[in-house]
Amino acid sequence: MNKVRTRIAPSPTGDPHVGTAYIALFNRCFAHQHGGEFVLRIEDTDQQRSTDKSEQDILSSLKWLGLSWDEGPGCEGDAGPYRQSERSEIYSNHIQQLLDNGSAFRCFCTSERLDELRKQQMQDKAQPGYDGHCLKLSQQQCESKYAAAQSHVIRMKIPDSGECEFTDMLRGKVSIAWSQVDMQVLIKSDGMPTYHFANVVDDHLMEISHVIRGEEWINSTPKHILLYQYFGWQAPEFCHMPLLRNPDKSKLSKRKNPTSIGYYEAMGYLPEALLNYLGMMGWTMPSGEEKFFLSEMEANFDISRVSLGGPIFDIEKLDWLNGKYIREELTDAEFTKRFAAWAFAPEKVAQIVPLLKQRVERFSDVASLGSFFIDGSLEISETSFAHKAIDSSQAAKILQFTLWKLEALEELGRDAVEEELQALAAKFELKIKDFLFPLFVALSGKAVSTSVIESIVILGIDITRARIRQAILVLGGISKKQAKALEKEFRNF
RNA sequence: GUCCCCUUCGUCUAGUGGCCUAGGACACCGGGUUUUCAUCCCGGCAACAGGGGUUCGAAACCCCUAGGGGACGCCA
């Protein structure tokens with residue numbers, strides 16, 4: 001029996017997501033329970049969206065949670081490099097094999113043609129997918145286009161009949177007809193591999209024995225299995241975990257819930273409590289005990305105890321559990337130390353002090369002026385937003401537009417934030433002073449406070465988002481219909 | 001629209017054919033402890049989606065229906 005090796009393969013294209021931590025947790029537990037290894041690989045093949053900052057944030061969030069990896073960036077093993085952008089040569093060698101043995105082909109279709117095709121298929125209520133146009137190209141045609149350096153992708157061939165049957169560790173046999181599977185692009189026109197290709201090649205080369213991933217991958221598993229066959233490799237075991245959900249049961253998303261691990265850190269949750277909470281999403285200790293540490297989960301782990309209904313991420317229960325950890329696990333001395341490290345992190349204090357210093361007359365003024373920097377949620381009501389020039393719906397709109405602008409920013413820098421806010425105020429045809437008013441209330445709970453721009457930067461996007469959301473809710477919320485209209489207006493702003 | 005997956009209290013779940021008048025936890029409601037509040041303790045509320053089978057026996061196995069979710073990108 002080969003060694004058990006599992007992996008988590010995050011894509012550094014955004015905030016570190018609790019779903020990533022969730023899947024990482026189960027992979028780590030499974031590997032360690034079997035005396036195996038847990039690998040971390042960065043899937044940064046999307047050159048447009050991948051950023052170094054996101055990668056750093058993801059790595060540090062996983063570390064914060066205690067989800068360290070046995071092999072990966074910063075912990076090199078024999079199977080590196082662990083960043084897909086550094087493995088280009090490997091992919092080009094491997095795609096050549098598929099081209100040579102006829103299981104992949106070059107496709108010169110333009111994206112315009114493909115869009116048109118998809119539109120037509122949708123209209124005909126057919127399964128959308130590539131129609132095999134370039135498969136009909138003669139070898140000569142293909143070569144001349146290639147020689148002319150015409151932009152193209154490489155796709156995999158798919159059997160035209162029958163079905164793919166595979167065994168999921170939790171669900172048993174799953175079968176999907178090949179007619180449902182698209183001729184997946186393997187290499188993009190920029191030369192980078194797609195997820196599907198890089199993932200299979202890397203999992204094989206890194207000797208991953210069990211692929212434990214989210215349920216959203218079930219439908220593409222046939223493509224992956226077929227790729228293993230094309231290469232003549234043995235496929236790993238597959239296990240699809242249920243997806244974490246919003247309270248409305250849709251897939252957990254930041255539009256509806258705080259999903260960033262950074263948010264939970266900024267809100268003062270204990271990493272061990274958050275991790276414990278994730279461990280009880282779809283899983284229970286054989287003993288039924290609800291409070292357990294990572295080491296206990298690993299020692300008692302049994303993948304067959306995973307239940308398949310998608311669990312709703314319920315902050316109330318997390319709050320209870322976190323409180324339990326604080327009460328039962330922290331001595332007064334530890335509490336002091338950890339609270340101080342959280343609230344008075346030197347880099348944070350260094351940013352806050354200059355703002356407070358110029359406004360206080362006594363140290364005793366500091367707490368009331370600066371408390372919003374460490375508060376969780378603020379006590380505000382609709383009357384907090386009463387203003388001579390701005391009514392509730394206008395305030396909600398200002399808040400929503402500001403949030404969208406801030407979210408689009410790659411980095412929340414002081415100057416960038418100021419620029420965005422100034423521009424928005426001008427578009428609203430409001431004096432900056434009036435425009436900023438709802439933001440002051442939403443972020444600090446008061447109409448008068450330290451610079452809102454600096455405050456946004458210090459609070460960070462996660463807390464800023466949560467407060468703006470809460471404020472909009474307090475102001476009566478935005479209905480789905482309104483949101484649609486606002487989004488349209490925002491785009492044309 | 002097509003395909004795939006899923007379905008036990010409001011929520012997280014236990015349950016692998018008899019131990020189930022379905023257990024625990026969160027939330028909620030009551031009571032006790034506490035100078036208040038919280039903690040803590042005690043109690044209460046509350047679910048097998050529906051319909052057919054299989055079986056001596058079904059929450060568990062099979063089928064159908066319904067509901068929910070996901071996938072259908074040169075994103076992962």
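We name chains A, B, ... by the order of the sequence lines, and we start the count at 1 in each one.
Residue contacts shown for A/Val153 include a base, since a base heavy atom lies under 4.0 Å away.
Every residue meeting the side chain to side chain contact (heavy atoms under 4.5 Å, CB included) condition with A/Glu71, not counting sequence neighbours, appears here in chain and number order: A/Arg5, A/Glu37, A/Val39, A/Ala79, A/Tyr82. Remark: A/Arg245 engages no residue in a salt bridge (charged side-chain N to carboxylate O under 4.0 Å, His left out) (not counting sequence neighbours). Listed by chain and residue number, A/Phe301 satisfy the side chain to side chain contact (heavy atoms under 4.5 Å, CB included) test with A/Gln33 (two or more places apart in sequence, or in another chain). A search for ring-ring contact (aromatic ring centres under 6.0 Å, His included) contacts involving A/Phe293 returns A/Tyr325, not counting sequence neighbours. With sequence neighbours excluded, the residues that form a ring-ring contact (aromatic ring centres under 6.0 Å, His included) with A/His196 are A/His224.
With hydrogens and angles left out, the side chain of A/Lys317 and the base of B/rA25 share a donor-acceptor pair within 3.5 Å.
A/Ser111 has no side-chain polar atom (N or O) that falls below the 4.0 Å cut-off from OP1 or OP2 of B/rC74. Between A/Ser179 and B/rC3, a side-chain N or O to OP1/OP2 separation shorter than 4.0 Å is absent. Residue A/Arg118 places at least one side-chain N or O under 4.0 Å from the OP1 or OP2 atom of B/rG73. At B/rA76, one or more side-chain N or O atoms of A/Lys188 fall inside 4.0 Å of OP1 or OP2 (strictly under the cut-off).
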Which side-chain N or O atoms in residues 278-287 of chain A pair as donor and acceptor under 3.5 Å with protein atoms at least two apart or in another chain?
{"residue": "A/Trp283", "atom": "NE1", "partner": "A/Asp302", "partner atom": "O", "Å": "3.0"}
{"residue": "A/Thr284", "atom": "OG1", "partner": "A/Arg305", "partner atom": "NH2", "Å": "3.0"}
{"residue": "A/Ser287", "atom": "OG", "partner": "A/Glu289", "partner atom": "N", "Å": "3.1"}

Indicate every side-chain donor-acceptor pair of residues 59-67 of chain A with a distance under 3.5 Å to a residue at least two apart or in another chain.
{"residue": "A/Ser60", "atom": "OG", "partner": "A/Gln56", "partner atom": "O", "Å": "3.1"}
{"residue": "A/Ser60", "atom": "OG", "partner": "A/Asp57", "partner atom": "O", "Å": "3.3"}
{"residue": "A/Ser61", "atom": "OG", "partner": "A/Asp57", "partner atom": "O", "Å": "2.9"}

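Listed by first then second residue, pairs satisfying side chain to side chain donor-acceptor pair (under 3.5 Å) with a partner in residues 150-163 of chain A read A/Arg106-A/His152, not counting sequence neighbours. Among residues at least two apart or in separate chains, side chain to side chain donor-acceptor pair (under 3.5 Å) pairs with a member in residues 175-194 of chain A are A/Gln184-A/Lys223.
Between A/Tyr228 and A/Phe238, the two ring planes are perpendicular [angle over 60°; tilted spans 30° to 60°].
If you find the closest nucleotide of RNA chain B to A/Phe313 and to A/Gly309, the one lying nearer the 5' end belongs to A/Gly309. Map A/Gln180 and A/Trp217 each onto its nearest nucleotide of RNA chain B; the residue landing nearer the 5' end is A/Gln180.
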Can you give one letter per nucleotide of nucleotides 33-51 of chain B, 5' to 3': B if a protein heavy atom sits under 4.0 Å from the base, S if only from the sugar-phosphate, - if neither? ------SS-----------
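Of all nucleotides listed (B/rA14, B/rC75, B/rG73), B/rA14 comes nearest to the side chain of A/Ser307.
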Atom pairs under 3.5 Å, N or O on each side, protein against nucleotides 65-69 of chain B: can you list them with distances?
none

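Near RNA chain B, defined here as any heavy-atom distance below 4.0 Å, there are no residues from residues 96-108 of chain A.
As rounded to whole Å, 12 Å separates atom C1' of B/rU7 from atom CD1 of A/Ile312.
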